[in-house]
Structure formats: C-alpha cells, structure tokens
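Below you'll find the structure, written out as structure tokens, and then a few comments.
What's counted below: heavy atoms across the whole structure, side chains too, no hydrogens, waters or symmetry copies. Sequence lines set the chain letters: A, B, ... in the order given, protein chains first and strands last, and positions in each chain run from 1.
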There are 2 protein chains.
Amino acid sequence: MDPVDRPLRVDAARNRELLITAAEEEFSAKGSEVSVVDITRRAGVAKGTFFRHFATKDDLIAAIVGRHVGALIDVAENLREATDPGEGLLDFLTVAAAQRQQYDVSFLLRAGDDDERVVEVRNRLYEAIGVLVDRARATGAVRDDIGATDVILLMCAPNHVVEYLSSPPPDLWKRYLAIIFDGLRPEGAHPLPGREPVAVQ
Amino acid sequence: MDPVDRPLRVDAARNRELLITAAEEEFSAKGSEVSVVDITRRAGVAKGTFFRHFATKDDLIAAIVGRHVGALIDVAENLREATDPGEGLLDFLTVAAAQRQQYDVSFLLRAGDDDERVVEVRNRLYEAIGVLVDRARATGAVRDDIGATDVILLMCAPNHVVEYLSSPPPDLWKRYLAIIFDGLRPEGAHPLPGREPVAVQ
DNA sequence: GGACAAGGTGACCGCACAGTCAACTTATCG
DNA sequence: CGATAAGTTGACTGTGCGGTCACCTTGTCC
C-alpha cells in the first residue's frame, strides 16, 4: 500500500532518535508519570514534532518496549546453549535486572495493557524465558514445583523492591535477586501452596 | 487551642466514614489512579463534602494509611511473644500480604512521599518489624546475613508480582511469599552481594 | 540554484483533574 | 417550636494533559 519505503530525511531521523532517547531518560528518572512535553523539552524539539513521529504517546511507548524487550529476547536465546542451565537462567535474570536498572519499562508489560505490539513482543520474550526455565529445572538447578510463569512474575521484583528506598545504591537489586533466586533453588525448599498460574495474559 | 473538641454531627460522621470506605474500595479496585470524584460518586456525596472532611486528597490518603498501617503495627506487636519467632515472622508477612490483597496501600509507603503523618506511622511499623526479624534471626529461623530492611523491602513483593497477570487467583500471593521466604531461610543459602541497606527513608 | 514535498513549529482545543465558594439544608439545643 | 451553627451542594476556576493543525522551514533531487 505505501508507495515506497522512502527513507527518513536526515533531520527527521535525528529527531526521532532524540525523542526515543529523551523518553527513555525521562521514564528512567520519573517512572511512568512522564508527559509528552517533558519528553519534547528534553529532546529539544516542539510538541508537533513528537506527533509527526508517533501518532500517540502509546506509539512511542511501543517503540521503546520493542527495543528493550527485543534486546532481552536476544540475551535469552543466546543463553539457551549455556553449558550450565542454572547459571544460564541466573545470568539472564541478572542481565534483565541490570537493563531495568537503567531504563525500567517493566510497568509497560503489566497486564491490562491492550496495545497489540506490546503484547506480541512480550509473548515472544516469555517463550524464550520458558526455554531457560525448563532446562534449569530439568537439570535440578531450580526446584521442580516452579515454572516459567513463576520466574516471569518474579523477574522484576528485585528492581521494584529497592524503589521503597529514596536513593538506593545502584546495584542493590543484586542482593534481592540473590535472595529470590535462592528461593527458587531446590535445596531446603518448602512445598508451595496452590499451583503455578496458567500464563501471563 | 481548639475551643472544644465538639463531636461531629451524626450526618457528618456518617459521611466521613462513607468517604473513607469508598476510597478504600476505589483504591483497591483501580490502584493509585483514583480521582476525588470517583470516591465521592461511590460514597454518594457531593464533591464539596469531601473537601469539608479532608483539606486535600493527600489528607484522605493519610487517614487511610493510618488506619491500615496501625492495624499492621498491632499484628506485629502481638507476634513479638510468638513461641516460634520464625513462624511469627512468617505469620506477620502472611497477614500483611492478605491485608494488601484487599486494600493495597503499599504505594503510599514508597520513598519520596513527603507527608509527615505517613512517614511517622511508617517508621513505627518498621520498628515493629525489626523486632520480629531480629528474633527470627537470633533463633536461626532466617539466614544471618539479612536484616529488617531486607524484609521490609521484600514484604510487598508477593502482592506486586501477581499484578502482572490480568486476573490472578486471589491467593496467588501465598505462592510467592513462600518462595521469597524460602530465600530468607538459612538452609542452602548462597552468600549475598553487597550489604544490607541502611534504612528505609 | 530552484521547486517542492517532507518535516518542524507552537498556538490552540477539549477534557479531566484538584480544589473553592456562595447559596442552600439540616442536626442540635435551649 | 425556632434560632443558628454545622454541614451539604454543584457550578465554577485554574492547571496540565494528549492531541490537532495551519503556517513556516529545510532537506532532497533534478
């Protein structure tokens, strides 16, 4: 339908990148309470420019999520071949938490978000995590009564819990990832109530 | 200073209670994104009535936090005498999570909240938790490299993680409390990176 | 270099929000 | 009762938001 996939003019490409970067920085600094003018002010462009590149604010969010979750999917897929699957899963969770420490877009993954692009990339990520969890469980690196959904739900917790501090040390999340991962190990595990929830979304 | 502490007129007392209850229900249903008109509509009173009882929206929030956190402080103080301190700590975390399942006001406890009434009641809660953690650690029920601040930070995680599902089973938090508490036990604990953060706020 | 489409701009719109207030209603008390 | 202070009401204000658009600027291509 589109006549040609004509490339962006150089100034347009630069402004688009400025907007995405500015948005990441704003979301990182202020959480989810960021307005379009906040973003354009940091990017140094006018409001109209924002809406030339992104039809709605949610479009920009989908672009950011695509970028970050795409990177995470790559990490997860590379770790499929890890010789020690338990280490592979822990490595993935570490990379994921470190990424969120810089640009936390995890609130964009919460259920109830109806944007189809976000849902699609989220599902691809969750499939990739499922592979890592299954391998880790098969080798006894994690307890056998947990599944991929459990890991997905717990994945963001190390980053979230440190937000109760007003200025947490930048790598405090490592401490809570270690505690939670110890809870996933088979040694000294107490039986879990209920059953694994069926799926995310 | 006040001339007399004259009691509220009966209709005023009833409306005040209606507003607090309606606010709890709204916060419980929609999270933190609740407007004053949402609350007054559910309470069945006009907007002006809200602002006669609470000077600002934050005043109402402080009243709700006071009520809920006060109840939690009572629970923590009663569990000081528990014969098994490990069970006592787990009982406290269970009651706290169950309470949040109904009315989650944990977002009101996040750092950066400047309301002094909220800060004061929060600190009293954290002191009470500190006693429970110290006793549990002294008897070897929890690993010796964690402290009260760690438990405080992890306390809300079981409720938060289930919010990534669109309609989680109502007691799914029990599963993640069990996993996290297993991570706090001494059996099979791997050494933690970093050190315990100094304090909340 | 000139023509023109692509891109940039900021005043503007409609809306939802927290908070105000003058006019009205009612519980309380002698 | 009747008087009056206490409480209620909803239209109103000001602010900030996401999004629009007519006009202006500039990169691109011959």
Subject >> Donor + acceptor pair across side chains of B/H68, B/R100 (<3.5 Å) >> reply: no

Original post:
Rounded to the Å, how far apart are B/D59 CG and C/dA18 P?
Top reply: 14 Å

Original post:
Atom NZ of A/K30 and atom C1' of D/dC17: how far apart are they, to the nearest Å?
Top reply: 13 Å

Subject >> Polar side-chain atom of B/N123 near backbone of B/E120 as donor-acceptor pair, under 3.5 Å >> reply: no

Original post:
Please give, in whole Å, the distance from D/dT8 P to B/L18 CG?
Top reply: 10 Å

Subject >> Rounded interatomic separation in angstrom, taking CZ from A/F50 and P from D/dG18 >> reply: 8 Å

Subject >> Criterion salt bridge (charged side-chain N to carboxylate O under 4.0 Å, His left out) on B/D11 and B/R14, from CA distance to verdict >> reply: CA-CA 5 Å; B/D11 55 344; B/R14 192 193 64 231; over 6 Å; no

**OP:** When you get a sec, tell me which of C/dG7, C/dT9, D/dG7 is the closest nucleotide to the side chain of A/A46?
**Re:** C/dT9

Original post:
Looking only at side-chain N and O atoms, does B/H53 come under 4.0 Å of OP1 or OP2 in D/dG7?
Top reply: no

Original post:
Between A/F51 (CZ) and C/dA6 (P), how many Å, whole number?
Top reply: 22 Å

Original post:
Of the candidate nucleotides D/dT8, C/dG8, C/dC12, which contains the atom at the shortest distance from the side chain of A/K47?
Top reply: C/dC12

Original post:
Starting at CD of A/E33 and ending at P of C/dC17, how long is that distance when rounded to a whole Å?
Top reply: 14 Å

Original post:
Are side-chain heavy atoms of B/E77 and B/I73 found at a separation under 4.5 Å?
Top reply: yes

Subject >> Under 3.5 Å donor-acceptor, A/D182 side chain and B/A189 backbone >> reply: no

**OP:** Provide, to the nearest angstrom, the distance between the CD1 atom belonging to B/I39 and the P atom belonging to C/dG19.
**Re:** 11 Å

**OP:** Check the distance between C/dG7's P and A/F54's CZ and give it to me in whole angstrom.
**Re:** 13 Å

**OP:** Establish, with yes or no, whether the OP1 or OP2 oxygen of C/dA16 is under 4.0 angstrom from a side-chain nitrogen or oxygen of B/S35.
**Re:** no

Original post:
Which sits closer to the 5' end of DNA chain D, B/A13 or A/D58, going by the nucleotide each is nearest to?
Top reply: B/A13

Original post:
Hey, mind stepping through A/E196 and A/R143 against salt bridge (charged side-chain N to carboxylate O under 4.0 Å, His left out) and telling me if it holds?
Top reply: CA-CA 13 Å; A/E196 191 197 353; A/R143 55 203 289 176; over 6 Å; no

Original post:
Within a strict 4.5 Å, meaning less than it, do heavy atoms of the A/L177 and A/T94 side chains meet?
Top reply: yes

Original post:
NA contact type, B/K57, heavy-atom cut-off 4.0 Å: base, sugar-phosphate, or nothing?
Top reply: sugar-phosphate

Please produce a list of atom pairs where a protein N or O lies less than 3.5 Å from an N or O of nucleotides 28-30 of chain D.
residue: D/dT28; atom: OP1; partner: A/V10; partner atom: N; Å: 3.2

Original post:
Do the side-chain N or O atoms of A/N15 get closer than 4.0 angstrom to the phosphate oxygens (OP1, OP2) of C/dG7?
Top reply: no

